Structure formats: C-alpha cells, structure tokens
Protein chains: 2
Amino acid sequence: MDAELSVTENEAKYLKLIYRKQCEESIKVKTTAVAKFLRVRPATVTEVIQNLSEKNLLRHRRYHGVELTKKGIAEARKLLRTHRILEILFTDILDNAQRACNEASKLDCHASRDLINAICRAYGHPEICPCEKTIFSDPKCKKKQMGG
Amino acid sequence: MDAELSVTENEAKYLKLIYRKQCEESIKVKTTAVAKFLRVRPATVTEVIQNLSEKNLLRHRRYHGVELTKKGIAEARKLLRTHRILEILFTDILDNAQRACNEASKLDCHASRDLINAICRAYGHPEICPCEKTIFSDPKCKKKQMGG
DNA sequence: CTTTAAATTTAGGGTAACCCTAAAATTCAC
DNA sequence: GTGAATTTTAGGGTTACCCTAAATTTAAAG
C-alpha cells in the first residue's frame with residue numbers, strides 16, 4: 001500500500017518543525033505556534049495539517065493539536081537525516097554552520113537517499129551534525145564493521 | 001524592473017533543455033520535440049513556453065519554435081553552471097558520473113549562488129564538468145589571479 | 001498551386017498546493 | 001458559567017501543472 005509517499009517542500013517544513021517540537025523538545029504542537037513560526041494564518045496550518053493527516057503522517061485531534069504517527073516520525077527523521085548530512089557537507093565547503101544550515105534547508109527534501117548515504121559514507125558515518133544534533137542512521141547506509 | 005525572477009523547477013527543465021538544443025547543439029527547438037523529451041503533450045509545452053515568454057526568457061514565434069532571449073540564456077547558464085558544479089561535487093562523492101548527473105538535476109534549481117560559488121572555489125574553479133561540458137563562470141566567483 | 005498530412009495552438013477543463021478572511025465552534029481561564 | 005483566546009469550517013482566490021478536442025497554420029507531395 002501507500003505507494004511512494006511524496007511530501008511537498010512545504011509539507012516537509014511542517015514535518016520537520018513538528019518533529020523538532022514534539023520529539024526533540026517535548027513541546028505539544030499547537031496550531032497557532034506553527035502559524036507564527038511559518039508566518040501563515042492559523043487556518044492555513046489547519047489545512048496543511050489535514051493533508052498530512054490524510055497521508056497518515058500525523059494524527060489530528062481537533063482543537064487539541066497534532067501528533068506524528070510512526071510513519072510521520074520516520075519521514076521527519078529521513079528529512080532531518082538528510083538535512084544534517086547536508087549540513088556536514090556544506091559546513092566543510094562554506095566554513096559557516098549557519099549558512100550551511102540554510103542551504104541544507106533548501107535542499108533537504110530534494111536530495112535522494114542514495115546521495116545522502118554516499119555523503120554519509122564519505123564522512124565516515126558521523127553521528128552528530130555541526131549543531132550537535134543526532135544524525136539518524138539509515139539501515140541502507142552500511143557502516144563498515146569494526147574488526148573482530 | 002523585473003523584480004526577482006523566479007523560475008519553477010519545471011520551467012527550469014524547459015530552459016535547460018532549450019538551451020542545450022539551441023546553444024550547444026544548434027538544433028532549432030520545436031514544440032513536439034520538447035513534448036517527447038519531457039513526456040507531456042504538445043499543448044502543455046505551448047502553455048509553458050507562453051509563460052516563459054511572458055517572463056521574457058524566450059521569444060516564441062507561433063508555429064515556428066522558440067529562441068531564448070539574452071535573459072533566458074543567462075538564466076539557463078546559471079542553471080547549467082549550478083548543475084555542472086554539483087556534478088563535480090557528486091562525482092567526487094558517488095564515483096559515478098551518470099548518477100551524479102541525475103542527482104544534480106534534482107537539486108540544480110534549489111542550490112543558492114553562494115553555495116555553488118563556494119563549491120567552485122573548493123574545487124579550484126574547474127572549467128569543465130565530468131561530462132566535459134563547459135562550466136560557465138560567475139563574476140561573483142572570484143578566481144585567484146595568476147601571479148604576475 | 002492545391003490538397004492533405006503533420007505540427008502547433010487555442011479553447012475549455014481538471015487537479016493540487018498554496019494562501020486568505022470571516023464566521024462558527026470549542027476550549028480555557030477566571 | 002461566561003468571555004476571551006484558540007482553532008476549525010466555509011468560502012474564495014491564485015498559480016502551476018496536466019489533459020483532450022477542435023481549430024489553425026505550415027510543409028510536403030503531387
């Protein structure tokens with residue numbers, strides 16, 4: 001089921017934001033907060049949230065906020081893994097973590113899994129990004145086993 | 001005038017294709033050819049072409065094909081510069097020029113000029129990409145001057 | 001030069017993803 | 001419980017895509 005799952009650039013923004021709040025800061029995600037952060041109207045947030053909900057990426061309890069599903073968490077982690085791997089690459093090139101983060105944001109929902117895994121390998125499977133956040137691992141990105 | 005000029009991902013595809021035909025292969029660009037290449041209907045091509053024409057990126061002589069304007073050529077070169085610089089970076093990482101090209105295609109209209117110039121610098125201002133195509137220069141991407 | 005086939009454009013539709021305001025519904029805090 | 005704040009619905013609007021069918025124009029063949 002569930003064919004390919006395509007998330008738009010905008011939806012990716014929502015997922016990353018919600019993940020960071022919900023999973024990394026344990027803050028309950030409210031419509032108005034998202035609206036302020038993304039500089040849109042609350043009604044717009046509700047609408048996008050409903051789309052994400054139809055894609056089973058999150059559950060929406062009317063008037064009470066949202067919670068990512070397993071699938072939503074997986075998708076958000078995929079995006080954040082991509083984001084953070086790109087941050088490493090770009091920090092190397094730009095020599096400026098903040099700019100690297102900005103660039104990564106623009107590209108993180110367009111980079112393929114294979115590319116990200118290749119970069120990951122090239123940098124020795126790093127576990128944290130320049131901002132000290134965890135880089136989630138990808139089972140398809142084989143680490144070289146330690147000898148023994 | 002002409003504010004910021006934003007080209008969608010799809011429009012970028014058209015520009016790159018038209019540029020390569022017109023400027024690199026000297027082939028007159030016809031609606032049906034573009035339609036076949038991009039796997040859409042001719043009517044769709046006409047429509048997109050009309051949009052690009054309104055943005056002054058090309059001239060459209062009804063029933064006779066299109067020709068990029070100066071502005072269109074500049075935009076296409078910007079996109080192809082980006083594409084080819086990314087190819088260099090990704091060939092380095094993926095060790096496979098074909099895949100590098102595919103990945104570059106996905107990202108080339110999202111990467112910022114600053115990032116591209118930083119990569120360009122990191123690779124010593126290369127003049128050709130892995131497929132031997134010219135990498136257009138960007139005046140803002142200063143080459144180190146040869147001594148003397 | 002005319003006819004007909006091929007290429008192209010117009011006309012008319014359709015979808016999806018964005019965005020908004022205003023009004024209704026619900027919750028929260030006093 | 002009631003009023004203020006939050007959130008959702010209802011109703012609209014745009015833009016970028018895509019399509020088919022019919023009209024137009026060009027080009028090729030006789």
Side-chain angles (χ1 to χ4, degrees), chain A residues 2-18 21-22 27-68 72 75-76 79 105-106 108-110, chain B residues 2-18 21-22 27-68 72 75-76 79 105-106 108-110:
Chain A
D2 262 347
E4 267 301 320
L5 175 60
S6 80
V7 180
T8 67
E9 200 163 328
N10 195 52
E11 286 172 340
K13 256 194 253 171
Y14 279 75
L15 283 180
K16 285 181 285 180
L17 174 59
I18 294 169
K21 291 289 167 201
Q22 175 184 311
I27 292 170
K28 231 190 163 191
V29 180
K30 308 302 258 17
T31 299
T32 306
V34 174
K36 276 204 182 108
F37 192 88
L38 298 180
R39 297 161 184 283
V40 295
R41 297 292 170 182
T44 304
V45 173
T46 302
E47 195 190 336
V48 174
I49 274 173
Q50 281 164 353
N51 290 150
L52 291 172
S53 173
E54 264 156 38
K55 293 181 185 171
N56 289 314
L57 292 165
L58 48 77
R59 300 279 168 241
H60 182 207
R61 272 193 57 222
R62 280 160 86 260
Y63 296 102
H64 291 279
V66 297
E67 207 176 338
L68 294 176
E75 185 61 26
L79 288 165
S105 295
K106 287 182 217 150
D108 56 16
C109 72
H110 299 103
Chain B
D2 261 345
E4 267 300 319
L5 174 61
S6 80
V7 180
T8 68
E9 200 162 329
N10 195 53
E11 285 171 341
K13 257 195 251 170
Y14 279 73
L15 283 179
K16 285 181 284 179
L17 174 58
I18 294 168
K21 293 288 167 202
Q22 175 184 313
I27 292 171
K28 232 192 162 189
V29 180
K30 309 301 257 19
T31 300
T32 307
V34 174
K36 276 204 182 106
F37 191 88
L38 298 180
R39 298 162 185 282
V40 295
R41 298 290 170 184
T44 305
V45 173
T46 302
E47 194 190 336
V48 175
I49 274 173
Q50 281 164 351
N51 289 150
L52 292 172
S53 173
E54 264 157 38
K55 293 181 184 171
N56 290 314
L57 293 166
L58 48 77
R59 299 282 168 238
H60 182 208
R61 271 193 57 221
R62 280 160 84 260
Y63 297 102
H64 290 279
V66 297
E67 208 176 338
L68 294 176
E75 184 62 27
L79 288 165
S105 295
K106 287 182 217 150
D108 57 16
C109 72
H110 299 103

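Because the structure is a prediction, the values reported are computed rather than measured. A note on names: the letters A, B, ... follow the listed sequences, proteins ahead of strands, and every chain is numbered from 1.
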Flag side-chain contact, heavy atom, 4.5 Å: [X] against [Y]:
| X | Y | value |
| --- | --- | --- |
| A/Lys21 | A/Ile18 | no |
| A/Val40 | A/Val48 | no |
| A/Gln22 | A/Ile27 | no |

message: Please compare A/Leu38 and A/His64 by the position of their nearest nucleotide in DNA chain C and report the one closer to 5'.
response: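 On the 5' side of the pair lies A/Leu38.
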message: For B/Arg62 and B/Lys36, find the nucleotide of DNA chain C closest to each by heavy atoms; which residue's nucleotide sits nearer the 5' end?
response: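 By nearest-heavy-atom nucleotide position, the 5'-most residue is B/Lys36.
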message: Applying side-chain contact (heavy atoms from CB on, under 4.5 Å) to B/Val7 and B/Cys109, what does each step give before you reach the verdict?
response: CA-CA 8 Å; B/Val7 180; B/Cys109 72; over 6 Å; no
query: Expressed in angstrom and rounded to an integer, what is the separation of A/Glu9 atom CD from C/dC18 atom C1'?
result: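 Going from A/Glu9 (CD) to C/dC18 (C1'), I get 12 Å.
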- request: Please report, rounded to the nearest Å, how far the C1' atom of D/dA16 is from the CG atom of B/Leu15.
  value: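 Distance, rounded to whole Å: 15 Å.
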message: Nearest to the side chain of B/Val40, heavy atoms from C-beta on, is which of D/dC19, D/dT26, C/dC18?
response: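 So the side chain of B/Val40 is nearest to D/dC19.
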message: Nearest to the side chain of B/Lys30, heavy atoms from C-beta on, is which of D/dT6, C/dC28, C/dT8?
response: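 Nearest nucleotide to the side chain: C/dT8.
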DNA chain D-proximal residues of residues 41-52 of chain A, any heavy atom under 4.0 Å: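 Contacting residues: A/Pro42, A/Ala43, A/Thr46, A/Gln50.
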Output a table of donor-acceptor pairs, distance under 3.5 Å, between side-chain atoms of residues 8-15 of chain A and any protein atom two or more places apart or on a different chain; print 'none' if there are none.
unit_1  : atom_1 : unit_2   : atom_2 : d
A/Thr8  : OG1    : A/Asn10  : N      : 3.4
A/Thr8  : OG1    : A/Glu11  : N      : 3.0
A/Glu9  : OE1    : A/His110 : NE2    : 3.3
A/Glu11 : OE1    : A/Thr8   : N      : 3.0
A/Glu11 : OE1    : A/Lys55  : NZ     : 2.7
A/Glu11 : OE2    : A/Lys55  : NZ     : 3.1

- request: For the pair B/Leu57 and B/Leu68, evaluate side-chain contact (heavy atoms from CB on, under 4.5 Å) and give the outcome as yes or no after the intermediate values.
  value: CA-CA 6 Å; B/Leu57 293 166; B/Leu68 294 176; 5.5 Å; no
